[in-house]
Every structure is written in structure tokens, then in C-alpha cells.
Protein chains: 4
Amino acid sequence: MSEIEPWLTELLRLNDEEEKMTDKQIKIVQAAVEIFSEKGFAGSSTSEIAQKAGVAEGTIFRHYKTKKELLLSIVAPMMSKLIAPFAVKDFTKVLEADYPDVEQFLRAITINRLEFARKHFPIIKIFMHEIPFHNELREQFKETVAVLVLEKAYKAIRHFQKQGQLIELPEPTAMRLIVSTIMGFLITRFLLVPDSEWDEEEEIDYTIKFILYGLSPR
Amino acid sequence: MSEIEPWLTELLRLNDEEEKMTDKQIKIVQAAVEIFSEKGFAGSSTSEIAQKAGVAEGTIFRHYKTKKELLLSIVAPMMSKLIAPFAVKDFTKVLEADYPDVEQFLRAITINRLEFARKHFPIIKIFMHEIPFHNELREQFKETVAVLVLEKAYKAIRHFQKQGQLIELPEPTAMRLIVSTIMGFLITRFLLVPDSEWDEEEEIDYTIKFILYGLSPR
Amino acid sequence: MSEIEPWLTELLRLNDEEEKMTDKQIKIVQAAVEIFSEKGFAGSSTSEIAQKAGVAEGTIFRHYKTKKELLLSIVAPMMSKLIAPFAVKDFTKVLEADYPDVEQFLRAITINRLEFARKHFPIIKIFMHEIPFHNELREQFKETVAVLVLEKAYKAIRHFQKQGQLIELPEPTAMRLIVSTIMGFLITRFLLVPDSEWDEEEEIDYTIKFILYGLSPR
Amino acid sequence: MSEIEPWLTELLRLNDEEEKMTDKQIKIVQAAVEIFSEKGFAGSSTSEIAQKAGVAEGTIFRHYKTKKELLLSIVAPMMSKLIAPFAVKDFTKVLEADYPDVEQFLRAITINRLEFARKHFPIIKIFMHEIPFHNELREQFKETVAVLVLEKAYKAIRHFQKQGQLIELPEPTAMRLIVSTIMGFLITRFLLVPDSEWDEEEEIDYTIKFILYGLSPR
DNA sequence: AATGAATGAGAGTTCATTCAT
DNA sequence: AATGAATGAACTCTCATTCAT
């Protein structure tokens, strides 16, 4: 863990704009991510984090008032990144200009999220485990995702339906089927068979085709 | 929580064959399921469980040597139920006799798992949250599921592929796409929109059709 | 431990006169002696004793109101046996009749205590460990030993001093030197080198001679 | 107990070389020695120690991982002091130069151990009570004492035997008789009659003479 | 007489957090 | 900014003892 992790540079960049993080603080976050993702938030102790980070126990609480604040400081900024691809102002324009057909759109989204997951894997794991236990997380997630992403995503679905590229079913249902498939792809890749050889290109292809055939008119 | 929960009667039945559970023990398990599923294993305290169960804290440890043993006593028996539909001896015969086409097979599996999830929801939630943190669980799961279910499932896929009802793609890939879709259906139903109105019949239909179109030759 | 231990038959005999012990009670005492002597009183748990005795936890408390009562029921009766050799009415007569010289007296005492220690070893161990922590034990010991044994022992010392067989030094000092030597002999035999081969006859001889030379006029 | 005990200054000195003990830590050790020696290790509770030391219970465990570690930190360093008189490199030289006859040698040893016992009495008491129940203690004791002390002591015995000052009997036997007598002296002094008036000079004299007469050729 | 489930006080230990340095 | 000793509440677990059966 001596090389700098991708999620860390992201996190640094996010925080950088606000204020500098000290060396020790970086070490703390690094250790916290590792331990939280390995044992879960409640199963991790601040003293263990301090030890792995090579700082005194008190130092953690100089930067984060509570253990929970440390968790949130890790997980919250990742959420805005999560929804980044949809946070464009003129979504419909992008859609029309860049993605003439569903396939290209789906492929772009899938690859984009694949890279995102690859980069932020440990934090995503933490996020998914803790979201049921922390209202702040859930609320924050609902606000950003529900409002921003869902709206844009439905718009995209309707767009392609109008073009006759997707069959007519309720947007939430279409959304569910697409997201399930892509999430299943990511979970399989990163959780179930992380080490085994798998032909990524091919699997992406199968996955996109599956959605396409499943949702396009015959 | 004074009415008897469905998962409890199941659990009782499983244990009944071996030895009787006392009244207090039932109360303990009941309370533990509730609290574990609400706060996670590490976030729950035995004293809280004891209080909710209306027993002395020591009583818990009379029946379960450790807090973890209590967890396993709840989660482990559910695993065998999880794979029950595949634990038939002569699987191919059942396949041929009962399910002339993929659609009926998929529909049966989906509805069956839907009912299962409805019954065991809190325990499944506990299981899914704890499996990354407990080796015993992971091992046990791998042994039962990997060996039993995967094998049978692949057989079914090959069976329908030979009949020309499914397109030719690697069994693991086909499996992944199907399972993703069904799991996404269940997660949506029980976690994301548990209270909202949703037309279950219709959603099942959409889901099955999606898989069908996605995987059958045109 | 399935054969009946010598200290047990003694204990049974002592109690027999008062009341019968049930089978389970015997098992309890047997287990208690073993465990107390191995782990100390405070370090032993009644549940462990019950388990080793093959009885229910409650059964112990049917026979002994408290854990401590169980301890005392084991240790107390041994005390009267401890002082038995001195509990003769007409001690001086015995002395004159049976032991014409100190050597024979010392040899008799030593061998007698050796046999006693061999028989009651585990209980003696318990006794010696617990006496500093239990006032009842200490009081009881002082009353019996101080009053009975010391008095008689001093009498014997004076007796042999008058005869010129022992040099003139204060009885307590003489007593201390003799007892130290014999106790050292027993402790070596049973605690320090319990398993190693040692020529008992010879060691007894050395020990007696040592005391004799150390205390007799040249 | 507000004055500083002699054994404490010793213990501090031993540890000082390695690392400083905090004020509270000293208080903890002080309280632990008192309570362990009064009630035995298993019979003492950490909460009682904390209370007597005037610290929070958690503080104990900041300095000692377990209750047992606290015990060992008290008892172990005393063991090296116990054998100090024999831990001289050129033992035979010391023997020849400083102790021309057995009497002076025995007297020196006795007085030296008497002072040692006076200083470390509570810790010695703890040590002797706990040694049967803790393998680490027993092993450590065997290693240091058996190897170091016994060897040297036997050498001394042979030395005086060669000079004709001691009769020819097996070294272990001679050792046993001498140690028994001195230990008996110390136990009497500190355990049996701690408060009563006793003429120490005189008693030492009797004791030395007893060993001398008992073991020297006539 | 015997059981063993149940108890609740208290055991040893961990923990997030504070604070003087 | 950083330390690490100190805290005390809370944790898991053990124990001697009780009591309905």
C-alpha cells in the first residue's frame, strides 16, 4: 500500500480545493479506507487505524471530530463522482450529438462505470455496506441520485424510445433492468471473480448485447 | 414483533428435529434477527438483544457460546434453504418433465425466489451484510452454492441451449446475466421501493421477457 | 481418576459416621479436589467442577450451600487427620514406652507424615494454598494445631532434652528446625521431584541423621 | 501505603533502564502488589486494583495488555534478583577468597536472603502462591534457578566437602537440607510469627549451628 | 435428590474521545 | 499539528447461585 492509490489522488484533489491535507492526515485516510473496507465501519477501531497509519491515536481526532466524520469524509465526496457522467447541463444535446444509437450510449456508460469502479473499489465497498446504517448517507444519496441521475436517465430512455430504439416499457422498469445488468457485471468482475482471468472486452460485449436484445423491438 | 415471523417458524422447524428451543431462546433469536438486520452484527450489542428479548444478558451466552455463534445459528440454516430448489436429485428429469420451455422455467425460479426473499428478508439482509467479514460464512456459501447450484444451473442452461431456446454463450456469462436480472428485481422490490405500489405481476413479466429476449435467438 | 483415591476413602469414612454421601456427591468432591488442587480455589469454577463430576450445575448447591462450603468440607476434615499422631491422651506414656531414643521417635514421625502426605497430597496442596485467604481455615488450624500439637511436641522436646539426647535450645526453635527439615523433605518428595527416582529409604536416613546431628550434644 | 516500599524502588530501578513508568503506572503496580498478595491473583479484580490505585480501570489495560501481564511484570523481574547472589562469574574465586569456612558462607547467604525477603516480602508471597498455576512462571524459574543457582550451589558444596568441612552426601541431599532449614527460618520469621518479638541474632545463630552440626564431620 | 434454564452482578477488556504537554 | 496517557462507558462473557420442574 505504499504506492498512491487512485481513489486517494481523487480524494486529495477534491479536498485540495478547500484546504490542504497534512501528510499524517493522508496516512489516516489511507489506513481508514483499507480497514473500513476490510472489517466494516463498526468492526474497525480508531486505534487500529491510527496504528496502521503510523500516527498517535489522538491525531485522528484532531482532523475528524468523530469516527463517523472520518467515514463520511471518505464516502461523501465519492458520491458526487458517482453521478458525474450525468451531471452535465445540457444532457439532451450530449445525447444527440455523441450517441446516435443506444448501443454506443450503453457501451460508453458501462465502460465509464467500469473504470470508476476499478478506481474507487474499496470506497464503493465501504459505501454500499454502510448506506443501510447511516441516515446521512442515505439522504445524501437519495438527493443526488434520485433527483439528478434518475431524471437524466429517464430522459435518455424516453429519448431512445421515441427513436424506436427501445421498446415501450415504464422508464423505472427499463432503468432497473439496465442497471441490474451493469451492476451485476461490475459485482461479478470485482467481487466474485476478482482474480480469475476473464476476457473483459468479450464480457462487455455480451452484456451490452443482452441489454440491447432484451429491450429493443424485434 | 409479537406475531410469529415466517422465517422464525422455518428456523424452528429446522432446529426442532435436533432439539427443542426454550421460550427464551426463541425470543433471543427473534430479537437478534431484528437488531442484527437493523444495525449490522458489529453494530449490535448483546445487551440490546437481551433487553429486546426480555431476558438476562447471561441467558444469551447459556445458549450461544459467543455472539458470533448466535449470528451463525441464524444465518447458516438459511443457506441450505437458499439452495433448496436446486437440491433435487434428478434435476434433468424435473427439467424435462416440468419445464417444456425456458420461460416457464425462469418464471418458476423467479417466483420461487421471490417468495423465499419475502419470507426470509431480514435474515437474507444479515447474510449479505456479514458474508464479506466472516470466513466461515464465505466458505460455507462457496461449498454449497458453488458446488450444488452452479453445477445444476449450468446443466439447465446447456439443456435449453441444446434445444435452441437459448443462444450459445458461455454458461457463466448466461448465468451472470440471468442472476443479475433476477437479483436486481428482488433488490428493487425489497430494498429500494419496499413500500411503494408496484404491479408485481407486470414487473415479473417484464423481467422474464427481458431475459428471454436478451438470451433467445431471433 | 476412576480408581478410588486414598484421601477419598478417608473422607468418606469421616463423613460416614454422620451421614451417607450420595454417589453424585462423591463425584462432586472428587472433581472439586482435582480442580481446586490444579487451579486453586478462586481459579476454579463450579460449572467446571459440575462438568468433571458429570452432574448438573445445580446439584452442587443442593449439597453445599456455597462454593466455599464445598472447599471447607474438603479441607476441614483433613486437619483433624493432620494432627492425629499427637491426639493421644497419654502422650508421655507413649513416648516413654514406644520411643526409647530420639532417632526412633523422629523416624516414626517422619514415616508417618510421609504416608499421610502420600495419601492426602492433593488436599494438602489445596489447604496450603488457601489458608492465607480464608480466616476460618486459619482460625481452625491455629486452634487445633497450636493448642494440641505444639503443646505435645514441646513436651516431647523437653522430654528428650532432660534425657540429654537433645541439646538445650528453646523448644520453639528446636521445633522449627525439626519441622523445617521434615517439611523440606516432604515438599521435595512430592512437589519438586515427584516423578524422578529417588531412594526414599536413604533420603529418610539422611534427613533423620541431619536432624540428629544438628540437635544432639557432641 | 503512601511511603514508597522497598520492593517498589527496586522494581522501578529495573524498569527505569528500559523506559519510564508514569505516575499512574507506579500507582497501579503498587496497588496490584498489595491486592495480589492479600487475595491471590485469581481472587483479585482489576476494578479493585484500579480503585486502590486511584485510576480508571481502562488505564490498567493501557499499560498491561492483560491482568496476567500485570502479574508477570511484577513477579518476573523479582526472579532475577532472587538469584543475584549466585550470578557471579567467578564463583569459586569468591568462595575461596571471601569464605574460608562453611559457617561464614552459610551466615552470609542466610543474612543476605533474610534482607532480600524483608525487602520483597509481598512479591515473594505472590510468587510462591502463583507459581503452581502459571506455566510461564514455572518455566522461567526452572531455567534461571535450576541452571544458574543449582550448579553454583553444588559447586560450593563440593568445594567444602573436599576441604573436609562438610560430610560426604549427595549434593542434592545436602542442598535440600540446607535450603529447607533456611527457608523454614524465613517462613517462620515472616509468615508464622511476623509480629512477635524474636531475637533475630540468636535465631540466626541457632539455625547456622544446626546446619553446621548436621552436616559437618564429627 | 437431581436437573438445567435462568439470573444479574461483576469479571476482564476495548473503545472513542479528551486533554495536558 | 501532534502526541499518548488517561478516561469511563460500554462491551462480551463468566460466575455462583436460585428455582421451577
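The chains referred to below are lettered A, B, ... by the order of the sequence lines, with proteins before strands, and numbering in each begins at 1.
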Figure out the [atom1]/[atom2] separation between [X] and [N], and round it to whole Å.
X	N	atom1	atom2	value
Q25(B)	dT7(E)	CD	P	13 Å
Y64(D)	dA5(F)	OH	P	12 Å
I35(A)	dC15(E)	CD1	P	11 Å
K68(C)	dC15(F)	NZ	P	19 Å
K27(C)	dA2(E)	NZ	P	11 Å
E48(D)	dA9(E)	CD	P	19 Å
E57(B)	dA10(F)	CD	P	13 Å
Q51(A)	dA16(E)	CD	C1'	16 Å

Phosphate-side-chain proximity, [X] and [N], N/O vs OP1/OP2 below 4.0 Å:
X	N	result
K67(A)	dA16(E)	yes
H63(D)	dG4(F)	no
T66(C)	dA16(F)	no
K24(C)	dT3(E)	yes

5'-most by nearest nucleotide on DNA chain F - A56(D) or I60(A): I60(A)
Whichever of S44(B) and F61(C) has its nearest DNA chain F nucleotide further upstream toward 5': S44(B)
Contact check, side chains of L72(C) and Q140(C), non-hydrogen atoms, under 4.5 Å: no
Heavy-atom side-chain contact between Q30(B) and E34(B) under 4.5 Å: no
Nearest to side-chain heavy atoms of T59(D), which nucleotide of dA6(F), dC13(F), dT14(E): dA6(F)
Candidate nucleotides dA1(F), dT7(E), dA1(E), ranked by approach to the side chain of R62(B) - the nearest: dT7(E)
Under 3.5 Å on both distances, the Watson-Crick or G-U partner of dA16(F): dT7(E)
Ignoring hydrogens and angles, tell me if any N or O in the side chain of [X] forms a donor-acceptor pair with the backbone of [Y] under 3.5 Å.
X	Y	answer
E130(C)	F41(C)	yes
K67(B)	S44(B)	yes
K125(D)	S37(D)	yes

Sugar-phosphate only, base, or nothing, as touched by T46(A) at under 4.0 Å among non-hydrogen atoms: base
Touch class at under 4.0 angstrom, heavy-atom based, for S45(B) against every strand present: sugar-phosphate
Whichever of S47(D) and K65(D) has its nearest DNA chain E nucleotide further upstream toward 5': S47(D)
